[in-house]
Protein chains: 2
Amino acid sequence: MALGRPRAFDMERALDRALEVFWRKGYEGATLCDLTAAMGINPPSLYAAFGNKEGLFRRALDRYETLHEASWNDALAAPTAYEAIARLLESTAISLGDKRNPPGCLMVQGALCGGEECDAVKQELTARRDASVALIRERLRRAKREGDLPDDADPAGLARFVATVIHGMAVQAAGGASRKELERVAATAMTAFPK
Amino acid sequence: MALGRPRAFDMERALDRALEVFWRKGYEGATLCDLTAAMGINPPSLYAAFGNKEGLFRRALDRYETLHEASWNDALAAPTAYEAIARLLESTAISLGDKRNPPGCLMVQGALCGGEECDAVKQELTARRDASVALIRERLRRAKREGDLPDDADPAGLARFVATVIHGMAVQAAGGASRKELERVAATAMTAFPK
DNA sequence: AGGATTATTTAGTGATTGCTACATATGTAT
DNA sequence: ATACATATGTAGCAATCACTAAATAATCCT
């Protein structure tokens, strides 16, 4: 067992509460007071466990990605590229339309812009969004090798289009769009996808 | 002429500077210190002219919309719905890809989320984004009446799809996407549009 | 039992936030 | 000239920001 006095709060549970706050208010809008209140701990405990606000945010980002990893993997594991992207957009609509979650997407609204003190966080989010574009692109490249996409298809361009639709759906959801509306957007987007 | 001591700064010029700051940092991230420095005035002048930070932001929003009004009107005035949307997406790509502007779109990143003190601003932005969806929808309804869109076309759904792509492009642009990449996204989106 | 190590609570820190009181400056109306 | 009305610069307001010093509490190891 670890040395010293044991931690009195549950890390994962506290992280989930912090995630909820960041998701709802963004990096800049989430105050330490909000965070400690939601997590049920005092500032020194937060700093001992996570370093600082930015460290906590990065951990919350990891947690957020973990929560969505399974549905992304499931979607991209579909036999054809078309089906993979269709499932990806559908699961995005379901997740963004779920009113049990805060509205919108942490990867988008966590820090699209802001004061200089959140430049690093802004960069981190951009990098993670780009990583998800790369994930889609690789799936489409594979599809092209497997003859599943036409030879003249452009995996990079299509991947960016799909990501654009996903991020646009996140903006719609932040503005209160329903699951049905998001699913309709997803279905329309799929008509742009080579079959 | 107006009574009292005349204003020593140019309102429009000052508003443009404020717009630039809000555009780059968002409503929450823009401090009054940033704003007064950029506008070249002291806080009391700002408050006398604009009421408070939120009032200044709303004026900056008006100015932002004015700047984009012409290209929106031009695009939607195209003879066919297809061409109207194509032009709309193209001009969006050009505007968002113009490195002389701050990255991204004020309507999106101005306040997607944030602390409670910016709830009103968040609502205002949502309302204005919804208004632009309505603008597109009305153009598509007209197209349907004119036989320019198939009878089974869904103007509301298509309008929301187009808005979703535009807002997604704004997120890409905030992350540094180039004009070319945005134009490619726009072109791909158009393949989902009935011709 | 006693020392070492880590967590927690309390109570703050200096810096920055949006905003304003007050005195002064600059214009018009009479 | 005097009164009135509005704008400006100086200086600073209370509140909140992210963060921490210091004392105490709870565990392990010897």
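Throughout, protein chains are lettered first and strands after them, A, B, ... in sequence-line order, and every chain is numbered starting at 1.
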Separation of D:dA18 C1' from A:Phe57 CZ (nearest whole Å): 16 Å

Value in whole Å for how far the C1' atom of D:dC19 lies from CD of A:Glu54: 14 Å

Separation of D:dA3 C1' from B:Leu3 CG (nearest whole Å): 11 Å

Heavy-atom donor-acceptor pair, A:Lys53 side chain to A:Ala30 backbone, under 3.5 Å: yes

Between C1' of C:dG18 and CZ of B:Phe50, the distance in whole Å: 16 Å

More than 12 heavy atoms from other groups under 6.0 Å of NZ on B:Lys99: yes

B:Gln123 atom CD, neighbour heavy-atom count above 12 within 6.0 Å: no

Stretch residues 15-38 of chain B: residues that reach within less than 4.0 Å of DNA chain C through a heavy atom: B:Ala30, B:Thr31, B:Leu32

Spacing between A:Lys53 atom NZ and D:dT20 atom P, to the nearest angstrom: 14 Å

Interatomic distance, A:Asn52 CG vs D:dC19 C1' [rounded to whole Å]: 9 Å

Atom pair distance, as rounded to whole Å: CZ in A:Phe9 and P in C:dT6: 15 Å

Donor-acceptor contact present, side-chain B:Tyr27 to main-chain B:Phe22, <3.5 Å: no

Base C:dA25 to side chain B:Arg5, donor-acceptor N/O within 3.5 Å cut-off: yes

From CG (B:Leu182) to CD1 (B:Ile94), nearest 0.5 Å: 10.5 Å

Test item: side-chain donor near acceptor, B:Asp74 and B:Ser71, under 3.5 Å: no

Sorted by number, the residues of residues 40-49 of chain A with heavy-atom contact under 4.0 Å to DNA chain C: A:Asn42, A:Pro44, A:Ser45

side-chain contact (heavy atoms from CB on, under 4.5 Å) assessment of A:Met39 paired with A:Leu46: CA-CA 9 Å; A:Met39 297 165 85; A:Leu46 191 155; 3.9 Å; yes

Pi-cation contact, B:Phe9 with B:Arg7 (under 6.0 Å, within 45°): yes

Polar side-chain atom of A:Arg128 near backbone of A:Met107 as donor-acceptor pair, under 3.5 Å: no

